2 protein chains.
Amino acid sequence: MTEDEFSHDSAHARPFIDAVIGMRLAIKQFYHQRIRKSEMSDLTYEMFQVMVVLWNKREANQQDLANAVQKNKASLTPLIDNLCKRDLVTRSTDANDRRNNVIRLTEKGKLYERYIHPIQKEFYELLLSEIDEEDLNAVTRILNKLVGRVSTE
Amino acid sequence: MTEDEFSHDSAHARPFIDAVIGMRLAIKQFYHQRIRKSEMSDLTYEMFQVMVVLWNKREANQQDLANAVQKNKASLTPLIDNLCKRDLVTRSTDANDRRNNVIRLTEKGKLYERYIHPIQKEFYELLLSEIDEEDLNAVTRILNKLVGRVSTE
DNA sequence: TTCTAACAATTAAACATTTAACTATTACTG
DNA sequence: CAGTAATAGTTAAATGTTTAATTGTTAGAA
């Protein structure tokens with residue numbers, strides 16, 4: 001194997017990596033644009049991710065939130081600061097375990113939930129306008145499989 | 001359709017989105033860990049991405065670099081600042097068009113290229129240890145297809 | 001019971017990202 | 001040629017991310 005072949009071979013993951021990075025960016029930009037044009041326009045995409053978890057679970061500690069949105073605990077502190085500042089959530093110390101904060105939706109935060117469905121529906125239909133559901137599920141499965149493999153290294 | 005069914009339906013993209021986010025995070029963490037343990041340990045993953053483009057193209061203007069790594073022009077300014085600070089690249093005004101800067105590798109920057117191949121090779125082999133090459137290429141194609149569709153909206 | 005280990009959240013420092021506005025430069029139009 | 005439009009890069013302000021260290025709290029072991 002010559003040096004050209006070696007370097008060519010080792011770059012075979014590049015198209016895949018670029019595709020993943022591109023997909024994530026496209027998702028973020030899609031949602032960001034829709035959020036900005038909705039009644040939730042004071043939310044960033046990152047805050048929105050946290051809110052989605054809370055709309056589903058109603059309340060959670062910060063560690064669980066961090067896990068759910070796949071972010072670092074330390075990143076959650078300013079994110080939740082900003083959500084509190086916008087009166088969308090409250091943060092209180094968990095009486096049963098004072099290492100934990102409980103994050104809950106405010107009434108304002110609960111109202112925002114109604115704006116999420118049309119955006120999610122639009123996104124999902126956009127995906128299905130391009131590929132069929134079987135392929136979408138297959139890609140999801142394969143990605144999760146790869147995550148599992150890469151994460152253990 | 002009841003409200004439960006409506007909200008359930010509109011969240012069908014969620015597993016896919018989570019998988020994409022997880023995959024990107026896994027890629028970043030994989031490379032970051034390997035870079036930190038290599039001779040390139042003064043590089044962040046983001047700087048590494050820029051360097052990869054330069055190792056391939058030898059020199060580029062900032063706009064092309066930004067496009068290649070799928071980042072915002074404004075993000076490139078501090079990134080390249082930091083690469084210059086580490087004496088890995090130089091930045092000079094393009095004599096043919098003074099709106100452009102030309103970014104070039106230094107000798108030190110060129111030396112770093114030798115450390116990239118083992119990492120890329122390891123990552124690629126990791127992927128192929130979990131799925132076959134056909135599936136990897138199929139996922140790549142589908143993601144790029146979806147990016148194209150989502151980006152035009 | 002005491003001590004150690006583990007855990008949640010925060011902090012500091014460095015790095016990164018986005019938007020909008022700006023400046024200097026170049027291209028294009030009339 | 002003059003004026004307008006477009007472009008590359010920078011800046012400011014706000015937001016976000018990571019690592020390591022820290023503090024306070026709880027769990028577990030002896």
Side-chain angles (χ1 to χ4, degrees), chain A residues 21 24-33 35-37 41-51 59-86 88-103, chain B residues 21-22 24-33 35-37 40-51 59-86 88-103:
Chain A
I21 290 169
R24 179 188 176 272
L25 187 60
I27 292 168
K28 184 177 166 181
Q29 285 173 342
F30 175 89
Y31 273 89
H32 179 69
Q33 196 204 36
I35 292 162
R36 190 178 46 191
K37 288 196 284 188
S41 61
D42 50 346
L43 284 190
T44 63
Y45 176 65
E46 287 77 20
M47 294 182 214
F48 172 79
Q49 286 180 296
V50 172
M51 293 295 284
E59 73 178 42
N61 62 36
Q62 287 178 216
Q63 179 72 289
D64 288 343
L65 281 175
N67 292 337
V69 297
Q70 302 183 63
K71 289 180 193 295
N72 193 288
K73 247 189 338 186
S75 299
L76 261 283
T77 302
L79 259 186
I80 290 166
D81 288 344
N82 277 313
L83 286 171
C84 287
K85 203 188 303 175
R86 286 161 173 74
L88 295 169
V89 307
T90 58
R91 177 201 263 131
S92 47
T93 306
D94 184 342
N96 294 317
D97 182 347
R98 283 185 298 170
R99 293 173 296 183
N100 283 333
N101 289 334
V102 185
I103 310 299
Chain B
I21 291 171
R24 180 187 176 270
L25 188 60
I27 292 168
K28 184 176 166 182
Q29 286 174 343
F30 177 90
Y31 273 89
H32 179 68
Q33 195 204 34
I35 292 163
R36 190 177 45 190
K37 288 196 284 189
M40 307 187 277
S41 62
D42 50 343
L43 284 190
T44 63
Y45 176 64
E46 287 79 20
M47 293 182 214
F48 173 79
Q49 287 180 297
V50 173
M51 292 295 283
E59 72 178 44
N61 62 35
Q62 284 175 221
Q63 179 72 286
D64 288 344
L65 280 175
N67 291 338
V69 298
Q70 303 182 60
K71 288 182 195 293
N72 193 288
K73 254 192 327 187
S75 300
L76 262 283
T77 302
L79 260 185
I80 290 166
D81 289 345
N82 277 314
L83 287 170
C84 287
K85 203 188 303 175
R86 287 161 173 72
L88 295 169
V89 306
T90 59
R91 179 201 263 131
S92 47
T93 306
D94 184 341
N96 294 317
D97 181 346
R98 281 185 298 171
R99 292 173 298 183
N100 282 332
N101 289 336
V102 184
I103 311 299

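It should be emphasised that the depicted structure is a prediction, and the values quoted were computed from it without experimental measurement. In the text below, chain A, chain B and the rest are named by the order of the sequence lines, each starting its count at 1.
- Using a 4.0 Å heavy-atom cutoff across all strands shown, A:Asn61 reaches sugar-phosphate atoms only and no base atom.
- When each of A:Gln49 and B:Ala74 is assigned the nucleotide of DNA chain D with its nearest heavy atom, B:Ala74 is the one assigned upstream, toward the 5' end.
- Atom CD of B:Gln63 and atom P of D:dT10 are 12 Å apart (whole Å).
- Taking 4.0 angstrom as the limit, B:Arg98 places none of its side-chain polar atoms (N or O) nearer than this to OP1 or OP2 of D:dA8.
- The OH atom of A:Tyr45 sits 16 Å away from the C1' atom of D:dT15 (whole-angstrom rounding).
- Ranking D:dG9, D:dT18, C:dA9 by closeness to the B:Lys28 side chain, first place goes to D:dT18.
- Between the NZ atom of B:Lys85 and the CE atom of B:Met47 there is a distance of 8.0 Å, given to the nearest 0.5 Å.
- Distance CG/A:Leu79 to NZ/A:Lys71: 6.5 Å, rounded to 0.5 Å.
- The side-chain heavy atoms of B:Thr77 and B:Asp81, taken from C-beta on, include a pair separated by under 4.5 Å.
- Distance CZ (B:Arg99) to P (C:dC28): 9 Å, rounded to an integer number of Å.
- Backbone-only contact: A:Asn100 has heavy atoms under 4.0 Å from sugar-phosphate atoms and none from a base.
- Contact annotation for B:Leu79: backbone-only contact, meaning every heavy-atom pair under 4.0 Å involves sugar-phosphate atoms and none involves a base.
- Axis angle across the helix from C:dT1-D:dA30 to C:dG30-D:dC1, with five pairs used at each end and values rounded to 10°: 20°.
- Here B:Asp94 lies out of heavy-atom contact (under 4.0 Å) with every strand.
- OP1 or OP2 of C:dA16 has at least one side-chain nitrogen or oxygen of B:Asn82 nearer than 4.0 Å.
- For A:Gln62 and C:dA8, the shortest distance from a side-chain N or O to OP1 or OP2 is not below 4.0 Å.
- Taking CE of B:Met51 as the reference point, atom OG1 of B:Thr44 lies at 11.0 Å (rounded to 0.5 Å).
- Between B:Arg36 atom CZ and C:dA14 atom C1' there is a gap of 15 Å when expressed in whole angstrom units.
- The shortest side-chain heavy-atom distance between A:Val69 and A:Leu76 falls under the 4.5 Å cut-off.
- Protein atom CG of A:Asp97 is 15 Å distant from nucleotide atom C1' of D:dT23, rounded to whole Å.
- The side chain of B:Asn72 places no N or O atom within less than 4.0 Å of a non-bridging phosphate oxygen (OP1 or OP2) of C:dA16.
- Nearest-nucleotide positions on DNA chain D place A:Arg86 closer to the 5' end than the other of A:Gln70 and A:Arg86.
- For the OP1/OP2 pair of C:dT10 and a distance below 4.0 Å, the side-chain nitrogens and oxygens of A:Arg91 include at least one atom meeting the criterion.
- Rounded to an integer number of Å, the gap from CD1 of A:Ile21 to C1' of C:dT17 is 14 Å.
- In this structure, the separation between CG on B:Asp94 and CD on B:Gln62 is 11.5 Å, given to the nearest 0.5 Å.
- The distance between atom CG of B:Leu25 and atom C1' of D:dT18, rounded to the nearest whole Å, is 11 Å.
- Separation of atoms OH (A:Tyr45) and NE2 (A:His32) is listed at 12.0 Å; rounding is to 0.5 Å.
- Under 4.0 angstrom from either OP1 or OP2 of C:dT26 there lies no side-chain N or O belonging to B:Asn96.
- In this structure, of D:dG16, C:dT10, D:dT10, it is D:dG16 that holds the atom nearest to the side chain of A:Glu46.
- The closest donor-acceptor contact from the side chain of A:Arg91 to the backbone of A:Ile80 lies at 3.5 Å or more, if one exists at all.
- Note on B:Arg24: nothing from the nucleic acid sits closer than 4.0 angstrom, heavy atoms only.
- If you check every strand for non-hydrogen atoms under 4.0 Å, A:Thr44 touches sugar and phosphate atoms only.
- Remark: C1' of D:dT11 and CG of B:Leu76 are 15 Å apart, rounded to the nearest angstrom.
- Contact annotation: A:Lys71 reaches the phosphate of D:dT17 (side-chain N/O to OP1 or OP2, under 4.0 Å).
- In this model, the phosphate group of D:dT19 is approached by a side-chain N or O of B:His32 to a distance below 4.0 Å at OP1 or OP2.
- B:Met40 and B:Phe48 get closest at one heavy-atom pair: CE-CE1, 3.9 Å.
- Remark: A:Ser75 is not in phosphate contact with D:dG16, judged by side-chain N or O atoms under 4.0 Å from OP1 or OP2.
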